[in-house]
Amino acid sequence: MHSTAHQSVRTFINHHEQIRQLANQKSEKPALITKSLFIGWCFCGVTGIRVTRSAMDLVLNVADYYVLTPFVYPASWPEDGALRQIISLLLLTNLGAAVLYLGLGAINYCLVFDHTLMSHPHFLENQVQREIRYAMMSLPWISIPTVALFFAEIRGYSKLYDNVSESPLGWPGLILSMISFLFFTDMCIYWIHRFLHHKLIYKLFHKPHHLWKIPTPFASHAFHPVDGFLQGLPYHIYPFLFPLHKVLYLALYVFVNIWTISIHDGDYRVPGPLTSAINGSAHHTDHHLFFDYNYGQYFTLWDRIGGSYRHPSALMGKGPHDQIRKLMVEGKLGNGKVKVKGQVYGPANGGTTCKEE
């Protein structure tokens, strides 16, 4: 089953062995070594050699070559050994998740997130620290079943491919797979998310994420582990059902993390014509506030089909920023904070009652 793959890997390894010898003999010429590395990768791409069998193989190969093989694992552990691959995937998945979450979250928090939202009545004390702590405790648990799916990918059970020529439709197929990935995962996440709001399930798994009624970018990954894995599952299932280029898969994985952070960042701006179609931060903030509306991830399509769409309060002059401004005018923001129990926007303020779960 894997004979062709093994021959391809051997070809690639032989090229790298030549590079290592070159590095030992010509250490004063790093540019030549770099060029050789580049030629080796291009050779594999142009000739169609299938060196890797999944998107995670791209990451795993780099980690093995530069870090894990020379510095971490003993020489007696083969790179294609199952136990070594599982351990490596656990390490890389946790490291990658932490870097994406903390790095992208910090950038958004510093450059995009409106810090005036922290004076809102429903913004919790030490909320940012609590969001980060909860997320960092959950991510390792989420990684365990996720790694099982990654392991199946690198063993060749997915429909991921290396070269555009392997796509049934070529370059148009690449674009089509990107669009179908977004619509497929949006549909799945809508129904999974709605399932997690069922009264028998909600308190067990999803309620912790709704502690953050006025979320920050760091609330994006602050899920119960079961909740986090279930809502991430469609991203991992897609390449087992449909062909997908592995580099595009990695790019979409990064995009998914960026989007998840962006719908928690309190930046409610959406281009006017797209307001009714795109599920942005304004839509998702209403989900946190009012509980049973706007379950979608990217689009409002399934909320409209499922009867759960709510036009964002922030786009009607009744959002969190509007409430803060009103309280400031009324002089009710003492020390930048006011406690309003049970409501975000009370009837006396001409707003909307926050639903308590």
Is the closest side-chain heavy-atom distance between [X] and [Y] below 4.5 Å?
X: Leu160; Y: Glu153; value: yes
X: Tyr295; Y: Phe195; value: no
X: Phe242; Y: Phe184; value: yes
X: Leu182; Y: Phe255; value: yes

N/O donor-acceptor pair under 3.5 Å between [X] side chain and [Y] backbone:
X: Trp259; Y: Gln297; value: yes
X: Ser119; Y: Thr116; value: yes
X: Arg84; Y: Trp77; value: yes
X: Asn163; Y: Ser165; value: no
X: His264; Y: Thr260; value: yes
X: Gln85; Y: Ala82; value: no
X: His245; Y: Ser167; value: no

Are Asn294 and Asp286 close enough, and set up right, to give a side chain to side chain donor-acceptor pair (under 3.5 Å), and what steps lead you there?
CA-CA 7 Å; Asn294 299 346; Asp286 270 13; 4.9 Å; no
With sequence neighbours left out, the residues meeting salt bridge (Lys or Arg N to Asp or Glu O under 4.0 Å) with Asp114 are none
Look at the aromatic rings of His193 and His284 and report parallel, tilted or perpendicular, splitting at 30° and 60°.
tilted
Please work out whether the ring planes of His209 and His206 are parallel, tilted or perpendicular, with thresholds of 30° and 60°.
tilted
Assess whether side-chain contact (heavy atoms from CB on, under 4.5 Å) is satisfied between Leu230 and Phe205, documenting all intermediate values.
CA-CA 10 Å; Leu230 287 178; Phe205 303 122; 5.9 Å; no
So, for [X] and [Y], is the gap between ring centers shorter than 6.0 Å?
X: Phe223; Y: His221; answer: no
X: Tyr109; Y: Phe218; answer: yes
X: His288; Y: His210; answer: yes
X: Phe150; Y: His236; answer: yes
X: Phe183; Y: Phe299; answer: yes
X: Tyr298; Y: Phe181; answer: no

Qualifying residue for side chain to side chain contact (heavy atoms under 4.5 Å, CB included) with Leu90, from Thr146, Val147, Leu95:
Val147
Could you walk me through whether Asp267 and Ser281 pass the side chain to side chain donor-acceptor pair (under 3.5 Å) check?
CA-CA 6 Å; Asp267 185 351; Ser281 181; over 6 Å; no
From CA spacing to verdict: side chain to side chain donor-acceptor pair (under 3.5 Å), Glu79, Thr69:
CA-CA 8 Å; Glu79 290 185 357; Thr69 296; 2.6 Å; yes
Side chains of [X] and [Y]: is there a donor and an acceptor less than 3.5 Å apart?
X: Arg130; Y: Tyr134; answer: no
X: Ser308; Y: Asp303; answer: yes
X: Tyr238; Y: Ser177; answer: no
X: Ser276; Y: Tyr309; answer: no
X: Glu131; Y: Thr216; answer: yes

Applying side chain to side chain donor-acceptor pair (under 3.5 Å), run through His197 and His287 and close with a yes or a no.
CA-CA 11 Å; His197 275 258; His287 174 74; 3.1 Å; yes
Sorted by chain and number, sequence neighbours left out, ring pair (Phe, Tyr, Trp, His ring centres under 6.0 Å) with Trp141 holds for none
Under the side-chain contact (heavy atoms from CB on, under 4.5 Å) rule, what do Leu289 and Ile214 come out as? Steps first, then yes or no, please.
CA-CA 8 Å; Leu289 290 171; Ile214 304 295; 4.0 Å; yes
If you look at every heavy atom in Val67 and Pro70, which pair is closest and at what distance?
O-CD, 3.5 Å
Run the side-chain contact (heavy atoms from CB on, under 4.5 Å) check on Leu196 and Asp227 step by step: do they pass?
CA-CA 8 Å; Leu196 287 165; Asp227 183 2; 3.1 Å; yes
